[in-house]
Structures are given as structure tokens and as C-alpha cells.
J.: 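Would you mind keeping the following structure in view while I ask a few things?
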Amino acid sequence: NPYGSTNNFRASSRFIEDGAYLRLKDIQLGYTIPKSITQKVQINRLRIYVSGNNLLTFTKYTGYDPEIGGGIDYGNYPQARTMLVGVNLGF
């Protein structure tokens, strides 16, 4: 082999790192408007909310996502971070 053998694909403890993590996975904050206010505009129930997924991850892991499947990180993309704002109406 003119390029030499690096053996980079062999299993080795060289590639093992601490995968411990703490993640804020799902959270939802909401407020229901009191009926004394909503009945004035002929609404029975009104709730406003904000929801988030995968907002924070605390880890020393150097890859994209410490929550990889199978324990081997092949450069998979991290889980998506999403924010959602919504309104629930009841007439």
C-alpha cells in the first residue's frame, strides 16, 4: 500500500468519549383567558400557548447529538429544535 495503513476503521478505545447528557426535551407554557373576559366576545374558552422541543442539551459530547442510536456516531444530524405558538378556541 503506497499510502500506508492507518487502521482508522478498527474498533479502539481512542474513539470512545463520554456520552452523558441532560436534555430539555419537551415543554409547553400556556395561559387560559378567564371566562369573564372571553364571554364578552362570545367565546367559551380561549387558551394561548407556546411549545418547544429539544430546546437545550447539556453535554461534553463533541458529536452532533449524544442521543444517537446504536452507540455509533456516523455523523448523523441532530434532532430538530422546534417552537410552536398556538391558540385554542371554544365557541
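Remember, predicted model here, so these are calculated numbers, not experimental data.
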J.: I want to check something: taking the side chain as every heavy atom from C-beta on, are T57 and R81 in contact at a cut-off of under 4.5 Å?
T.: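 Answer no - side chains too far apart.
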
J.: Verify the cluster assignment for L22 and L24: are they in a single hydrophobic cluster under the rule of side-chain heavy atoms below 4.5 Å apart?
T.: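 Yes; tracing contacts between hydrophobic side chains, which count when under 4.5 Å, links both residues.
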
J.: Any sub-3.5 Å donor-acceptor pair from T82's side-chain atoms to G52's backbone N or O?
T.: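 Flag not set: sc T82 to bb G52 has no pair under 3.5 Å.
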
J.: Please evaluate residues T32 and R45 with respect to the criterion side-chain contact (heavy atoms from CB on, under 4.5 Å), reporting the C-alpha separation (whole Å), side-chain torsions for both, the decisive distance (0.1 Å), and the verdict.
T.: CA-CA 8 Å; T32 302; R45 184 173 188 265; 4.2 Å; yes

J.: Less than 4.5 Å apart, any side-chain heavy atom of R47 and any of V87?
T.: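 They are not in side-chain contact.
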
J.: Looking at S51 and Q28, would you say the former's side chain and the latter's main chain have a donor-acceptor pair under 3.5 Å?
T.: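 Answer holds: no.
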
J.: To the nearest 0.5 Å, tell me how far L46 CG sits from Y31 OH.
T.: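 Rounded to the nearest 0.5 Å, the CG-OH separation comes to 10.0 Å.
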
J.: Taking N44 for its side chain and G90 for its backbone only, find out whether a donor-acceptor pair lies under 3.5 Å.
T.: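 No; judged by distance alone, with no hydrogens or angles, the pair does not exist.
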
J.: Any idea which heavy atoms bring Y61 and G19 closest together, and the distance?
T.: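 That closest heavy-atom pairing would be CD1-CA, 4.5 Å.
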
J.: Identify whether L89 and I37 are in the same connected component of the hydrophobic contact network (ILVMFWY, side-chain heavy atoms under 4.5 Å).
T.: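 They do share one cluster, since a chain of ILVMFWY contacts under 4.5 Å joins L89 to I37.
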
J.: In Å and rounded to the nearest 0.5 Å, what is the CG to CG distance from L56 to N54?
T.: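 If we round to the nearest 0.5 Å, L56:CG and N54:CG are 10.0 Å apart.
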
J.: Atom NZ of residue position K25 - does it have more than 12 heavy atoms of other residues, nucleotides or ligands inside 6.0 Å?
T.: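 Yes, NZ of K25 has more than 12 neighbouring heavy atoms, counting only those of other groups under 6.0 Å.
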
J.: For atom OH of Y49, is the number of surrounding heavy atoms from other residues, nucleotides or ligands below 6.0 Å larger than 12?
T.: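 Atom OH in Y49 is crowded, with more than 12 foreign heavy atoms closer than 6.0 Å.
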
J.: Considering only heavy atoms from C-beta outward, does the side chain of I43 approach that of F91 to under 4.5 Å?
T.: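 The answer is yes; the side chains approach within 4.5 Å.
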
J.: Is the backbone N or O of T62 less than 3.5 Å from a side-chain atom of E17, with the two atoms forming a donor-acceptor pair by type?
T.: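 Side chain of E17 to backbone of T62, a donor-acceptor pair under 3.5 Å: yes, one is there.
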
J.: Same cluster for V41 and I48 if Ile/Leu/Val/Met/Phe/Trp/Tyr side chains link at under 4.5 Å?
T.: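 Same hydrophobic cluster.
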
J.: If Ile, Leu, Val, Met, Phe, Trp and Tyr residues are connected whenever their side-chain heavy atoms lie under 4.5 Å apart, and connections chain through other members, are I33 and L29 in the same group?
T.: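 I33 and L29: separate clusters.
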
J.: Applying side-chain contact (heavy atoms from CB on, under 4.5 Å), run through D65 and R23 and close with a yes or a no.
T.: CA-CA 11 Å; D65 190 355; R23 177 172 279 167; 2.8 Å; yes

J.: Taking the side chain as every heavy atom from C-beta outward, state whether L55 and M83 have any pair of such atoms under 4.5 Å apart.
T.: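 When only atoms from C-beta onward are counted, M83 and L55 do touch, with a gap below 4.5 Å.
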
